[in-house]
Amino acid sequence: MLRPFGMLAELTYACPLHCPYCSNPLNLADYSDELTTAEWQRVFAEARDLGVLQLHLSGGEPLVRRDLVELVACAHELGMYTNLITSGIGLTPRRAEQLRAAGLDHVQISIQADEPALSDLIAGTPSFERKITAARLVKALGWPLTLNVVLHRYNIDRIDRILELAESLEADRIELANTQYYGWAWRNRAALLPSKTQLDRAESIVRAVRQRLEGRMEIIYVIPDYYSQYPKPCMGGWGRRQLTVIPNGDVLPCPAAHILPLPRASVREHSLSWIWAESPLFQRFRGTEWMPEPCRSCERRTVDFGGCRCQAFLLTGDAARTDPVCHLSPDHWIVAEAVHRANEGKPTAPGNLIPRTFRMRRGAA
Amino acid sequence: MSGEVSLTNRPRLAQQARLVWDPVRQRHVLLAPEGVLLLNDTGAAIVGLCDGSRTIAEIIEELRRRYNRVVAEEVQHFIARLVAKRWMEIGNA
Ligand SMILES: C[S@@+](CC[C@H](N)C(=O)[O-])C[C@H]1O[C@@H](n2cnc3c(N)ncnc32)[C@H](O)[C@@H]1O
Ligand code: SF4
Ligand code: SF4
């Protein structure tokens with residue numbers, strides 16, 4: 001049996017920020033019935049038995065969970081490598097020391113830009129200074145520091161200054177990820193998608209800085225798939241290496257897959273191992289049997305697995321089609337049109353982006 | 001850093017990486033922020049010997065005491081790969 005290596009635990013969708021590119025679901029309040037501490041601990045133990053070695057704690061903002069230290073300690077005792085993916089908000093010196101003592105291995109802090117005005121505008125709330133303080137704290141406590149930056153039309157031209165900031169913070173790695181269009185980013189796609197000119201400039205800066213900082217800071221640049229010939233091998237293949245558990249206990253092959261019209265699978269009803277090995281959800285797009293043409297007879301089918309199912313669904317209404325990002329897809333014109341629009345016409349101001357908002361249903365906890 | 005290593009280097013595991021035994025897979029694995037590497041017995045032995053005190057030449061010598069058919073270039077190449085990934089660090093001191 002294929003065993004998963006990594007699990008993304010989205011502990012909560014609560015978050016003090018409002019990033020318009022947030023990949024979280026639009027209907028955030030539907031996920032308020034969060035797993036308890038004991039339920040998460042059981043899920044972690046089941047994950048370890050299933051083979052999971054790397055646990056990514058994310059959200060929403062994972063630091064909103066009061067039991068985060070306990071959860072880290074549990075995962076650490078199970079022998080998993082623990083990685084916190086955070087906005088940095090809520091990482092006080094006390095909390096950070098407790099997490100360090102609990103065995104947290106690695107911290108990734110996201111920033112929206114290199115300076116407070118734009119960063120706070122995109123985040124929808126004053127947060128830049130606290131992020132920088134949190135990043136310094138991570139280094140001071142001896143953790144390796146990774147900075148995460150989601151790139152889009154409104155910050156990509158500042159990539160040189162973003163890299164300078166990372167260098168001055170002595171980050172060990174920086175992940176520059178072009179926006180993936182799910183959740184709130186999908187809603188804001190027309191505004192967020194950068195132009196070809198912007199991307200070309202950014203990529204040449206990345207190449208130059210990478211060379212200059214070789215051996216000191218690792219620069220990971222996630223290419224914008226709308227501008228690529230081939231799709232990304234989403235999650236390394238459906239149900240092949242990774243799984244995601246979202247706040248209400250639903251298990252997914254990737255964090256965006258809650259949008260797909262497929263049967264749910266929840267740790268509240270089934271064991272993680274049954275869900276991984278046998279659930280209809282995880283079986284649906286595993287391997288290459290499900291593939292339509294042109295993927296079915298394409299030699300790249302075991303390289304990119306036909307791309308992203310969620311992207312196929314969002315763009316064509318059918319999750320079982322070839323990812324339209326692929327230039328061989330019969331639906332590629334949909335992507336080509338969006339790209340075309342991003343390269344002409346007048347871009348909107350960042351103030352027109354729809355911010356991520358979490359509206360609690362009345363009566364919800 | 002091109003990932004080149006020489007016999008006089010003294011490699012050690014980077015602070016961000018960890019060598020563990022996975023009872024589920026019955027294998028040694030190397031854990032780091034960006035991924036997981038399954039090791040065979042020799043791979044695990046090499047990583048275990050990379051403690052910053054031995055040179056690569058000494059590591060190869062020690063491996064030859066334990067295993068038949070140890071190819072020096074392969075050991076060097078394996079360590080170089082980990083150095084390139086920044087999972088391993090090298091010093092000469
Ligand atoms: C959803 S966030 C949750 C953790 C935390 N709130 C944060 O933002 O760092 C997880 C990671 O995904 C990144 N991210 C969010 N939306 C994204 C998108 N549409 N495309 C690519 N990465 C995205 C964030 O920058 C962050 O590094
Ligand atoms: S991407 Fe922004 S809005 Fe979304 S969870 Fe992270 S900090 Fe919150
Ligand atoms: S046709 Fe399918 S398998 Fe071939 S490159 Fe495109 S998405 Fe990948």
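Below, each value reflects all heavy atoms present in this structure, side chains not excepted, and no hydrogens, waters or symmetry copies.
B:Arg86 contributes a side-chain N or O that, together with a main-chain N or O of A:Asp172, makes up a donor-acceptor pair within less than 3.5 Å. Remark: the backbone N or O of A:Gly60 is paired with a side-chain donor or acceptor of A:Asn24 at under 3.5 angstrom.
By the 6.0 Å and 45° rule, B:Arg25 stacks over the aromatic ring of A:Phe5. Remark: A:Arg300 qualifies as a cation-pi partner of A:Tyr230 under the 6.0 Å distance and 45° angle criteria applied to the six-membered ring.
Contact of A:Glu218 with chain B is made through backbone and side chain together, with heavy-atom distances under 4.5 Å. Contacts between B:Gln16 and chain A at a heavy-atom distance below 4.5 Å involve backbone atoms as well as side-chain atoms.
The residues A:Glu167 and A:Arg216 are annotated as salt-bridged, a charged nitrogen and a carboxylate oxygen being separated by less than 4.0 angstrom. The existence of a salt bridge linking A:Asp105 and A:Arg100 is excluded, since no basic side-chain nitrogen approaches an acidic carboxylate oxygen closer than 4.0 Å.
Chain B forms more heavy-atom pairs under 4.5 Å with one residue of A:Pro144, A:Gly6, A:Gly51 than with any other, namely A:Gly51.
Screening residues 141-150 of chain A for side chain to side chain donor-acceptor pair (under 3.5 Å) gives A:His106-A:Thr146, A:Gln108-A:Asn148, A:Thr146-A:Arg173 as the qualifying pairs, with residues at least two apart or on separate chains.
Enclosure of atom CD in A:Gln211 is not indicated, since only 12 or fewer non-hydrogen atoms of other residues, nucleotides or ligands lie within 6.0 angstrom.
Close approach to chain B, defined as a heavy atom under 4.5 Å from one of its heavy atoms, is seen in A:His76, A:Gly79, A:Met80, A:Tyr81 of residues 72-83 of chain A, taken by number. Annotation: residues 28-40 of chain B contacts chain A through B:Val29, B:Leu31, B:Ala32, B:Pro33, B:Glu34, B:Gly35, B:Val36, B:Leu38 [non-hydrogen atoms, separation under 4.5 Å].
Relative orientation of the A:Phe44 and A:Trp40 rings is tilted, given thresholds of 30° and 60° on the angle between their planes.
Listed by chain and residue number, A:His152 satisfy the ring pair (Phe, Tyr, Trp, His ring centres under 6.0 Å) test with A:Tyr21 (two or more places apart in sequence, or in another chain).
Defined by atom type and a distance below 3.5 Å, a donor-acceptor pair is present between the side-chain atoms of A:Thr86 and A:Glu61.
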